Amino acid sequence: SFIFQHFTTLRLVDRNINEVDRGLLKFTHLNELSLTGNSLSSIKGSHLPRSLTILQLFANEFTDLQQLTISPPPNLQHLGVGYNQLTDICSYISPFIWPNLLSLDLSHNNLGNVKSTLDCLSALPTIRNLSLLCVDTTA
């Protein structure tokens, strides 16, 4: 039990992880989680510790964020989902889902309509940092 309460940062990078179960909820003081470079195509928001403020999901296999928006960590301030296969995020962007999101990295995805994406992101009143580097606009 001590081990789960001790960690505030957990980086599981390039570990070929393809699923995250409710076991992660045992890390009750986890502030930062990086699951970069794995084989995740979805992750349930309800399987993430409520204490998370930073979530890095770079270089996985996400095509949408549907499962992530189901009861996500309420105090999440940064979401990094660059280098995935996202084509549209408008269905997953809302101040009700992400009330405290300050920073969003969507770099190197396949977001076809940048103007539409920016229009959706304008619904997030708290957003301060946005990265859209090398977004493929030909999709």
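We count residues from 1, following the sequence as given. Only a predicted model underlies this, so the values are computations on that prediction, with no experimental measurement involved.
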Undergrad: Do any N or O atoms from the side chain of Asn109 and from the backbone of Val81 form a donor-acceptor pair under 3.5 angstrom?
TA: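 Side chain of Asn109 to backbone of Val81, a donor-acceptor pair under 3.5 Å: yes, one is there.
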Undergrad: Under 3.5 Å, is there a donor-acceptor pair between the side chain of Asn84 and the main chain of Leu86?
TA: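 Here the side-chain-to-backbone pair does not exist.
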Undergrad: Should Ile97 and Leu68 be counted in the same cluster of Ile, Leu, Val, Met, Phe, Trp and Tyr side chains packed under 4.5 Å apart?
TA: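 Yes, one cluster joins them.
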Undergrad: What about Leu55 and Ile17, same hydrophobic cluster or not, with Ile/Leu/Val/Met/Phe/Trp/Tyr joined at side-chain heavy-atom distances under 4.5 Å?
TA: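 Yes; tracing contacts between hydrophobic side chains, which count when under 4.5 Å, links both residues.
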Undergrad: Between Ser131 (side chain only) and Ser107 (backbone N and O only), is there a donor and an acceptor less than 3.5 Å apart?
TA: no
Undergrad: Decide whether Asn16 and Ser39 meet the rule of one side-chain donor and one side-chain acceptor closer than 3.5 Å.
TA: yes
Undergrad: Any donor-acceptor pair under 3.5 Å linking the side chain of Asn60 with the backbone of Phe62?
TA: no
Undergrad: Any chance CZ of Arg11 has more than 12 other-residue heavy atoms, nucleotides or ligands included, within less than 6.0 Å?
TA: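 Atom CZ in Arg11 is not packed in, count stays at 12 or less.
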Undergrad: Does any N or O in the side chain of Asn38 come within less than 3.5 Å of the main-chain N or O of Asn18, such that one atom is a donor and the other an acceptor?
TA: no
Undergrad: For a side chain to side chain contact (heavy atoms under 4.5 Å, CB included) check, start with the C-alpha distance between Thr8 and Leu30, then their side-chain angles and the critical distance, and finish with the verdict.
TA: CA-CA 4 Å; Thr8 58; Leu30 200 63; 5.7 Å; no
Undergrad: Using a 3.5 Å distance criterion without hydrogens, assess whether the side chain of Asn75 forms a donor-acceptor pair with backbone atoms of Leu52.
TA: no
Undergrad: Same cluster or not: Leu121 versus Phe96, using hydrophobic residues (I, L, V, M, F, W, Y) connected whenever any side-chain heavy atoms lie under 4.5 Å apart?
TA: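 Per the 4.5 Å side-chain linkage, Leu121 and Phe96 are not co-clustered.
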Undergrad: Do the non-hydrogen side-chain atoms of Pro74 and Pro99 ever get within less than 4.5 Å of each other?
TA: no
Undergrad: Supply the atom-to-atom distance Leu106 CG to Cys134 SG, rounded to the nearest 0.5 angstrom.
TA: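 The SG atom of Cys134 is 13.0 Å from CG of Leu106, to the nearest 0.5 Å.
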Undergrad: Let me confirm one number: the CG-CG distance from Leu104 to Leu132, rounded to the nearest 0.5 Å.
TA: 7.5 Å
Undergrad: So Leu130 and Asp105, do their side chains get closer than 4.5 Å, heavy atoms only?
TA: no
Undergrad: Looking only at heavy atoms, which two atoms of Leu33 and Leu48 are closest? And how far apart?
TA: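 For Leu33 versus Leu48, the nearest heavy atoms are CD2-CD2, 3.8 Å.
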Undergrad: Is a donor on one side and an acceptor on the other found under 3.5 Å between the side chain of His29 and the backbone of Gln5?
TA: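 Checking the backbone N and O of Gln5 against the side chain of His29, a donor-acceptor pair under 3.5 Å is found.
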Undergrad: Does Ile93 belong to the same Ile/Leu/Val/Met/Phe/Trp/Tyr cluster as Leu102, with side-chain heavy atoms less than 4.5 Å apart forming each link?
TA: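 Result: no, two separate clusters.
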Undergrad: I would like to know whether His47 and Leu24 meet side chain to side chain contact (heavy atoms under 4.5 Å, CB included); could you show each step before the answer?
TA: CA-CA 7 Å; His47 288 181; Leu24 205 52; 5.7 Å; no
Undergrad: Would you check if Gln67 and Ile70 make a side-chain contact, meaning some heavy-atom pair closer than 4.5 Å?
TA: yes
Undergrad: To the nearest 0.5 angstrom, please state how far the OG atom of Ser34 sits from the CG atom of Leu12.
TA: 8.0 Å
Undergrad: Take Glu32 and His78, measure what side-chain hydrogen bond (donor to acceptor under 3.5 Å, both in side chains) needs, and give me the verdict at the end.
TA: CA-CA 9 Å; Glu32 181 178 348; His78 173 78; over 6 Å; no
Undergrad: Is Asp64 reaching over with its side chain to a backbone N or O of Gln66, donor-acceptor style, under 3.5 angstrom?
TA: yes
Undergrad: Calculate, to the nearest 0.5 Å, the distance between atoms CG and CG belonging to Leu79 and Leu57 respectively.
TA: 6.0 Å
Undergrad: Are Pro73 and Ser51 close enough that some pair of their side-chain heavy atoms sits under 4.5 Å apart?
TA: no
Undergrad: Within the distance-only criterion (no hydrogens, no angle test), does the side chain of Trp98 pair as donor or acceptor with the backbone N or O of Tyr92 below 3.5 angstrom?
TA: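 Yes: the side chain of Trp98 pairs with the backbone of Tyr92.
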Undergrad: With a 4.5 Å heavy-atom cut-off, do Leu40 and Val20 have their side chains touching?
TA: yes
Undergrad: Is the shortest side-chain heavy-atom distance between Pro72 and Lys44 below 4.5 Å?
TA: no
Undergrad: Should Leu76 and Asn100 count as side-chain neighbours, where that means a heavy-atom distance under 4.5 Å?
TA: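 Contact flag for Leu76/Asn100 side chains = no.
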Undergrad: Hey, any chance Ile54 and Ile43 share a hydrophobic cluster, counting ILVMFWY side chains that come within less than 4.5 Å of each other, even indirectly?
TA: no
Undergrad: Is there side-chain contact between Ile127 and Leu101, with at least one heavy-atom pair below 4.5 Å?
TA: yes
Undergrad: Take the angle between the ring planes of His108 and Tyr83 and call it parallel below 30°, perpendicular above 60°, tilted in between.
TA: parallel
